[in-house]
Amino acid sequence: MMKTARCWECGRTTTDMRLYACPDCGGILMLQYEGVTESWKDDGQPGLWKYHRLLPDVPEACRLYLGEGATPLIPSRRLAKRLKVGELYFKLEGGNPTGSYKDRIAAIGVSRALAGGRSACIGTTSGNAGAAVAAYAAGAGIPYHLFVLEHMAEAKLAQVLAYGANVRKVKRFGTDPEVGDKVFGRIFEAARLNDWEVMITAFRYNTYAMEGVKTISFELAEQLQAPPTRVYAPAGGAGLYVGIWKGFEELHALGAIPVKPHMTAVQSAGCSNIVRAYEAGGRTPAPGPSTSLISGLQVPNPPDGTIALDIMARGDGSALAVEDEEIWEAQRLLAEEEGIFGEPAAAVSLAGLIRRCREQGGLPDERAVCVITGVGFKDGNRLLDMVAHKHVPLLEVERLDI
Ligand SMILES: *Cc1c(COP(=O)(O)O)cnc(C)c1O
């Protein structure tokens, strides 16, 4: 069996697994697995490592495990009927150790850093990736340095700090594109000079760590009798979308699933650069700032957007945008109708499904999976807003009216 990296843009292949980008054109490298003859699963291994044959090589002694993966797939008890969807399942990624699917990326990426003898990890985050990398870096006993937005969601920053990461805020990062370029430049420079691992959760920046995402597809293939007909995934930078697609693509190539699901990327209308390009038949994300209020999806220049658009152009997927109000409504429905508490960025997948159901009067032929990417506690401010209108009476014990 051979593991090689192939440039998505120019097709050049390399076996040098320390390169972050194509040595010829600077394009995005994607790992490929050839000559796989053994089973794609190895049941003796914990968490994601069960799928180590289809993941970057990491010696067993360096494989970090904090309880990530093997997340539940819950069938809808109420919304499927109400929305007239044939079958509907929720993949609960909030069950990962730091509360989001980013743990799958951090588990692989930080394990690789450990195996490669890196003395630290460095990167940037809007929140969840930072918490995930901080947790695994803590477990590995290596420092994690990161630059964040000046106005990062407070609860997310607190979680990153709780794991002991080294955080620096950067003025105008996230609003001024020039500042963003300089921050990324500094990260790669520091990584090169100090032999640190770059941990930014996009195929464009760390394709090896991103291989962790596709374990979502591997688990779905194991959890369902027949593969889903359609998977709804939120898209910010689009790495999640590309990773899930790649997982199904590999299983299909191995003959492990008979058909691939259609992949629908759902974006917030306030940051819908992939959707706008998709609708116009374009192959690069449409420019434009973000006005979305959904933490985690405010990515004006999605680093993996071109791959996502290529996937759609191949006929494997599509993209649609929903308003922030629809996202909050989906978050509420998920909690009140199914008992599932996701953060807004996670409820986006359900908001996309609901939008399609409204437009088509139901989806009776669909076996749909909505990926619920992060737990509701992640976005503390939104949680308070969500329940602000609810009145909680204070009673005298003599008058417990109920
Ligand atoms: C990071 C994140 C996303 C978006 O993933 P991208 O790869 O940036 O598209 C969605 N939901 C949650 C909870 C996230 O943490």
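Numbers for residues simply follow the sequence, beginning at 1. Atoms within each ligand, like the ligands themselves, are counted from 1 in listed order.
- Given atom 5 (O) of ligand 1, the protein heavy atom at minimum distance is Tyr101 OH, 3.0 Å.
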Exercise for review: Show the numbers, then the answer: is there a ring pair (Phe, Tyr, Trp, His ring centres under 6.0 Å) between Tyr163 and Tyr136?
Suggested key: CA-CA 9 Å; Tyr163 291 114; Tyr136 288 82; 8.8 Å; no

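- Ion pairing between a basic and an acidic side chain is recognised when a charged N comes within 4.0 Å of a carboxylate O; Glu249 and Lys214 show no such pairing.
- Between Gly239 and ligand 1, an N or O atom pair is found at a separation short of 3.5 Å.
- Taking every heavy atom of Gly236 and a limit of under 4.0 angstrom, the matching atoms of ligand 1 come to 4 (C), 6 (P), 8 (O), 9 (O).
- Heavy-atom proximity to Thr373, at under 4.0 Å, picks out these atoms of ligand 1: 10 (C), 11 (N), 12 (C), 13 (C).
- The contact set between ligand 1 and Glu343, taken as ligand atoms under 4.0 Å from a residue heavy atom, comprises 13 (C).
- The closest approach between any non-hydrogen atom of Ala238 and ligand 1 is below 4.0 Å.
- When only interatomic distances are considered, the shortest N/O to N/O separation between Ala235 and ligand 1 does not fall below 3.5 Å.
- By the 30° and 60° cut-offs, the orientation of the rings of Phe188 relative to Tyr205 is tilted.
- Closest to atom 7 (O) of ligand 1, if we only count protein heavy atoms, is Leu240 N, 2.9 Å.
- Any N or O atom pair closer than 3.5 Å counts here, and Thr201 shares no such pair with ligand 1.
- Within ligand 1, the atoms closer than 4.0 Å to a non-hydrogen atom of Gly374 are 13 (C), numbered from 1 in the order shown.
- Residues Lys3 and Glu211 are not paired through a salt bridge, judged by the lack of any N-O separation under 4.0 Å between the basic side chain and the carboxylate.
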Exercise for review: Evaluate ring pair (Phe, Tyr, Trp, His ring centres under 6.0 Å) for Trp40 paired with Phe218, printing each intermediate quantity in order.
Suggested key: CA-CA 9 Å; Trp40 55 283; Phe218 295 172; 5.6 Å; yes

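- Residue Thr207 comes nearest to Met30 through the heavy atom pair OG1-CA, 3.8 Å, listed as atom of the first residue, atom of the second, then distance.
- Taking all heavy atoms of Met210, Lys102, Lys156, Lys378 into account, the minimum distance to atom 3 (C) of ligand 1 is reached by Lys102.
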Point to revise | From CA spacing to verdict: side-chain contact (heavy atoms from CB on, under 4.5 Å), Thr201, Tyr101 | key: CA-CA 11 Å; Thr201 55; Tyr101 82 91; 5.7 Å; no

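- When only non-hydrogen protein atoms are considered, atom 8 (O) of ligand 1 lies nearest to Gly237 N, 2.8 Å.
- Salt bridge Arg358/Glu329: absent, no basic N to carboxylate O contact under 4.0 Å.
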